[in-house]
Number of protein chains: 2
Amino acid sequence: MRTTRQRQVILEELRKVTSHPTADEVYEMVRKRLPHISLGTVYRNLELLSAAGEIQTLGLAGTQKRFDGNPANHYHARCLKCGRVIDLDLPVKALNGLEDAVAETSGFKVVGHRLKFLGLCPRCQKEEQKQDR
Amino acid sequence: MRTTRQRQVILEELRKVTSHPTADEVYEMVRKRLPHISLGTVYRNLELLSAAGEIQTLGLAGTQKRFDGNPANHYHARCLKCGRVIDLDLPVKALNGLEDAVAETSGFKVVGHRLKFLGLCPRCQKEEQKQDR
DNA sequence: ACAATAATAGTAATGATTACTATAAAGAAT
DNA sequence: ATTCTTTATAGTAATCATTACTATTATTGT
Ligand SMILES: [Mn+2]
Ligand SMILES: [Mn+2]
Ligand SMILES: [Zn+2]
Ligand SMILES: [Zn+2]
């Protein structure tokens, strides 16, 4: 995999944020520095970087994929109202016992798991309170 | 929500299987009994039944949504090779402690979580062994 | 600098899902 | 049972995220 300016900037910009942007959001971010980059290049590099383990592709909800500049396994919480996705710092190993249990009962060779929490973010909770009054 | 023959058959067929079919797979299943049903009707009813809590919509992987005739919260394991999705019967309450921890540390009002395991199904493990020889 | 080849920009194609609309069916009222 | 109101359907068109294609450009090893 060659080191192109486009690939480099995509990775840099994605690692700057914790907002789990969609491909077109990454495109807008990168365009500030590389105004001539094409959307296809963004898609292709997000795919390649993900396959290379440099970033993560998240299928959190909605129609668009979201991308995470943090390649380490970690958990997320998604707000059901505004769609915001935040990082959690729960220890991943809390689930390792469960992985073993799944392997035993299902016969699967388990290589990992994905866990996300759903709810209302602090901001949207405040909004709800306003409406209740 | 009116009880139409189409809606009824879609729900019945989906509850017959544990295979988590895609919309077009449901379409094929239902067409055996209602040859004139349209794909749009299948999509619309899967959406409505899901919103009504009669079934679940799963965003497991790939481009297509999958549907689950079992509306109760339960976990899944997906095979990375063949895509098969099986049900697990882990107790959901094993994660309730984690939900509380997430609520405290993130400020989210947590209303649920989604957990899936990734790995190789028994059948695909056998295939791998063949290749190793 | 040169050659080999991987990557890009721009554009077209794909494919799952959603929207639209005239017709039909369901359920309530009579 | 008949009529009426409203929701749902079939068939089709439109949408939109993503992928594929291709001529040109950039990277990297020599
Ligand atoms: Mn993250
Ligand atoms: Mn299931
Ligand atoms: Zn929110
Ligand atoms: Zn398999």
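Residue numbers start from 1 in every chain, and the chains themselves are labelled A, B, ... in the order their sequence lines are given, proteins ahead of strands. For clarity, every value in this text was computed on a predicted model and none was experimentally measured.
Between the two ends of the helix from C:dA1-D:dT30 to C:dT30-D:dA1, each summarised by a five-pair axis, the helix axis turns through 50° (rounded to 10 degrees).
Clustering of Ile, Leu, Val, Met, Phe, Trp and Tyr by side-chain heavy atoms under 4.5 Å joins A:L80 with A:L118, B:V111.
Residues that satisfy the salt bridge (charged side-chain N to carboxylate O under 4.0 Å, His left out) test with B:E128, not counting sequence neighbours, are absent from this structure. With sequence neighbours left out, B:R7 forms a salt bridge (charged side-chain N to carboxylate O under 4.0 Å, His left out) with no residue at all. Residues forming a salt bridge (charged side-chain N to carboxylate O under 4.0 Å, His left out) with B:R31 (at least two apart in sequence, or on another chain): B:E28. The side chain to side chain contact (heavy atoms under 4.5 Å, CB included) search around A:K126 returns none, not counting sequence neighbours. Applying the side chain to side chain contact (heavy atoms under 4.5 Å, CB included) rule to A:S19 yields the partners A:V17, A:P21; only residues at least two apart in sequence or on another chain are considered.
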Side chains of residues 82-93 of chain A: which donor-acceptor partners sit under 3.5 Å, not counting sequence neighbours?
residue, atom, partner, partner atom, Å
A:D87, OD1, A:H20, NE2, 2.9
A:D87, OD1, A:H74, NE2, 3.0
A:D87, OD1, A:H76, NE2, 3.1

Donor-acceptor pairs under 3.5 angstrom involving side-chain atoms of residues 47-62 of chain B: please list them, not counting sequence neighbours.
residue, atom, partner, partner atom, Å
B:S50, OG, B:T57, OG1, 2.7
B:E54, OE1, B:R15, NH2, 3.2
B:Q56, NE2, B:N70, O, 2.9
B:Q56, NE2, B:A72, O, 2.9

Show me, pair by pair, the donor-acceptor contacts under 3.5 angstrom made by side chains of residues 32-41 of chain B, not counting sequence neighbours?
residue, atom, partner, partner atom, Å
B:R33, NH1, B:E12, OE1, 2.9
B:R33, NH1, B:E13, OE2, 2.8
B:R33, NH2, B:E12, OE1, 2.9
B:S38, OG, B:T41, N, 3.3
B:S38, OG, B:T41, OG1, 3.1
B:T41, OG1, B:R44, NH2, 3.2

Write out a two-atom table: protein N or O, nucleotide N or O from nucleotides 16-18 of chain C, distance below 3.5 Å.
residue, atom, partner, partner atom, Å
C:dT17, OP1, B:K65, N, 2.9
C:dT17, OP2, B:Y43, OH, 2.4

Please list, pair by pair, any protein nitrogen or oxygen found under 3.5 Å from a nitrogen or oxygen in nucleotides 1-5 of chain C.
residue, atom, partner, partner atom, Å
C:dT5, O2, A:R2, NH1, 3.2
C:dT5, O2, A:R2, NH2, 2.9

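Note on A:R44: a base of the nucleic acid sits closer than 4.0 angstrom, heavy atoms only.
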Fill in: Evaluation steps, side chain to side chain donor-acceptor pair (under 3.5 Å), between A:Y75 and A:H113
CA-CA 10 Å; A:Y75 302 134; A:H113 63 268; 2.4 Å; yes
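Put simply, CD on A:Q8 is 16 Å from P on D:dA26, counting in whole angstrom units.
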